[in-house]
2 protein chains.
Amino acid sequence: MATGTVPPGRPRDEKVGAALKSAALRLVRERGYQNVPVAAILKEAGVARQSLYNRWNTKADLVMEAFFEDAGTRVAPPAAGQGRSGRDELERFLNEVFDHLAAEDGTLRSLIAAAQSDPEFCRMFRERFVLPREALAVAFLAEAQRLGELPAGRDPEIMAAFLHGAFWYRLLSGQPLGPELARAIAGGIFGP
Amino acid sequence: MATGTVPPGRPRDEKVGAALKSAALRLVRERGYQNVPVAAILKEAGVARQSLYNRWNTKADLVMEAFFEDAGTRVAPPAAGQGRSGRDELERFLNEVFDHLAAEDGTLRSLIAAAQSDPEFCRMFRERFVLPREALAVAFLAEAQRLGELPAGRDPEIMAAFLHGAFWYRLLSGQPLGPELARAIAGGIFGP
DNA sequence: GCATTTAGTAGACCATAGTCTATTTACCAG
DNA sequence: CTGGTAAATAGACTATGGTCTACTAAATGC
């Protein structure tokens with residue numbers, strides 16, 4: 001199997017990549033994506049420039065990996081039929097997501113921006129961030145439909161796009177994400 | 001009135017700004033936002049660097065103004081109660097918008113990206129692009145509601161956010177905008 | 001030990017957005 | 001005509017993302 005094969009040459013030092021990710025994450029959280037030059041990450045990680053570009057193509061690539069690796073599962077996904085109504089469950093979920101995004105303060109916006117000028121980055125962003133979250137939402141909506149909380153005629157896929165789109169739209173056009181929006185979205189999906 | 005007062009000093013040459021906007025628009029359409037250095041715009045316009053930064057703060061500012069000034073009214077806004085059903089009218093409108101965006105090939109994406117790192121630009125983008133379009137959609141949905149095509153309980157504001165959000169979301173996560181999406185969105189808003 | 005291969009380091013280098021300085025030009029008030 | 005003010009031009013300068021080159025270090029196979 002592939003695990004037995006060892007590539008020739010000096011092996012990568014795992015600590016180098018780890019130091020880069022951790023430095024990037026810390027600095028970006030402290031100062032914001034735009035205010036962290038690559039040089040600062042390198043200095044903080046104590047690593048040479050080339051070591052970054054051996055592993056990632058751009059600063060945005062590095063930050064995305066650091067960000068998503070860390071983000072792991074900070075927010076409990078919505079689950080239908082757990083005592084709460086689907087509507088309330090969706091509202092809870094959105095409020096948690098909004099809190100999380102507020103704490104990241106612009107990191108996600110920066111990454112979405114970076115994705116607009118780099119197709120490969122955009123693809124990765126979609127695979128690692130967009131699609132998993134969309135799948136969760138679709139599953140939740142389909143389950144709510146099965147439980148009769150949502151009219152059967154609705155298309156869960158497009159409802160999921162409405163859901164995510166509505167808050168991306170607010171986020172990217174510089175509007176605050178707050179409880180009112182969570183309530184409005186939940187109401188718009190499940191009916192008032 | 002204020003029109004009588006003339007500011008001191010040499011007056012701005014209207015041709016300079018016009019040349020910049022027209023050069024920016026043409027080059028960005030030809031080559032894409034990322035592939036047009038500021039120097040190229042300056043050379044094409046036959047104008048000095050400072051003349052650009054006298055008028056706009058960034059390249060994105062200039063391109064946005066050129067873009068929106070030109071975009072004017074390329075797409076007929078949706079109008080309820082004109083023979084077509086609200087659903088069909090919305091689908092038509094979305095298809096026109098998507099065609100227009102396809103022709104611009106990434107300009108809007110670039111501008112949204114630029115807005116993420118510049119609050120002032122973001123504000124202007126919101127005022128000059130987002131809000132007018134949102135207002136049109138809200139008016140259309142409210143009218144459809146008045147005509148009984150849309151249940152009275154729905155909130156036109158959040159429906160408009162769903163509508164725009166859904167295609168921003170697709171656009172920014174690198175998915176194609178096509179007739180299927182227009183149909184799905186129209187179906188999601190008006191019911192299948 | 002020696003050759004080969006790839007990782008890591010150091011630092012020069014390039015392209016580009018945006019700032020700053022010096023000089024000239026166009027308009028107004030007196 | 002002169003002085004003041006701001007626009008236009010030319011071009012140096014800075015900051016930064018990303019590339020390239022030269023050298024050193026750590027692994028493998030002989």
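Predicted model only: the values in this text are computed from it and were never measured. Chain naming here is simple, since letters A, B, ... match the order of the sequence lines and numbering starts at 1 in each.
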Hey, does the side chain of A:Glu44 reach the backbone of A:Ala24 with a donor-acceptor pair shorter than 3.5 angstrom?
no

Let's see if you get this right: which residues in residues 52-64 of chain A place a heavy atom under 4.0 Å from DNA chain D?
A:Tyr53, A:Thr58, A:Lys59

Under 3.5 Å, is there an N or O donor on one side and an acceptor on the other linking the side chain of B:Arg49 and the base of C:dG18?
yes

Quick one: which residue pairs count as a salt bridge (charged side-chain N to carboxylate O under 4.0 Å, His left out) with a foot in residues 154-163 of chain B, not counting sequence neighbours?
none

A:Val138, A:Leu163: one ILVMFWY side-chain cluster at the under-4.5 Å cut-off?
no

To check you understand the geometry: which heavy-atom pair defines the closest contact between B:Ala182 and B:Asn95, and what is its length?
CB-OD1, 3.7 Å

Examine distances only and state if a side-chain atom of A:Ser51 and a backbone atom of A:Val47 form a donor-acceptor pair shorter than 3.5 Å.
no

Validation row, ring centre B:Phe167 to ring centre B:Phe98 under 6.0 Å
yes

Heavy-atom closest pair (A:Ala161 atom, B:Arg170 atom, distance to 0.1 Å) is CB-NH2, 4.0 Å

Just by modelled atom types, is the B:Ala160 backbone N or O under 3.5 Å from a matching donor or acceptor in the B:His164 side chain?
yes

Can a salt bridge be assigned to the pair B:Lys21 and B:Glu69 using a cut-off of 4.0 Å between side-chain N and carboxylate O?
yes

Criterion salt bridge (charged side-chain N to carboxylate O under 4.0 Å, His left out) against B:Arg84, the qualifying member of B:Glu91, B:Glu89, B:Glu149:
B:Glu89

side-chain N/O B:Ser51 vs D:dA7 OP1/OP2, d < 4.0 Å
no

Quick one: do A:Asp70 and A:Arg29 make a salt bridge, cutoff under 4.0 Å?
yes

Under 4.0 Å protein heavy-atom contact, by nucleotide of nucleotides 25-30 of chain D - B base, S sugar-phosphate only:
BBS---

For the pair B:Arg126 (side chain) and B:Cys122 (backbone), establish whether a donor and an acceptor sit closer than 3.5 Å, ignoring hydrogens and angles.
no

Using a strict heavy-atom distance below 4.0 Å, which residues from residues 36-48 of chain B are in contact with DNA chain D?
B:Gly46, B:Val47, B:Ala48

Let me know the distance between CD of A:Gln50 and C1' of C:dA12, rounded to the nearest Å.
13 Å

Heavy-atom contacts under 4.0 Å between residues 13-27 of chain B and DNA chain D, which residues?
B:Asp13, B:Val16

For residues 30-40 of chain A, tabulate all N or O donor-acceptor pairs below 3.5 Å that involve a side-chain atom, not counting sequence neighbours.
| residue | atom | partner | partner atom | Å |
| --- | --- | --- | --- | --- |
| A:Tyr33 | OH | A:Ala60 | N | 3.3 |
| A:Asn35 | ND2 | A:Arg31 | O | 2.8 |

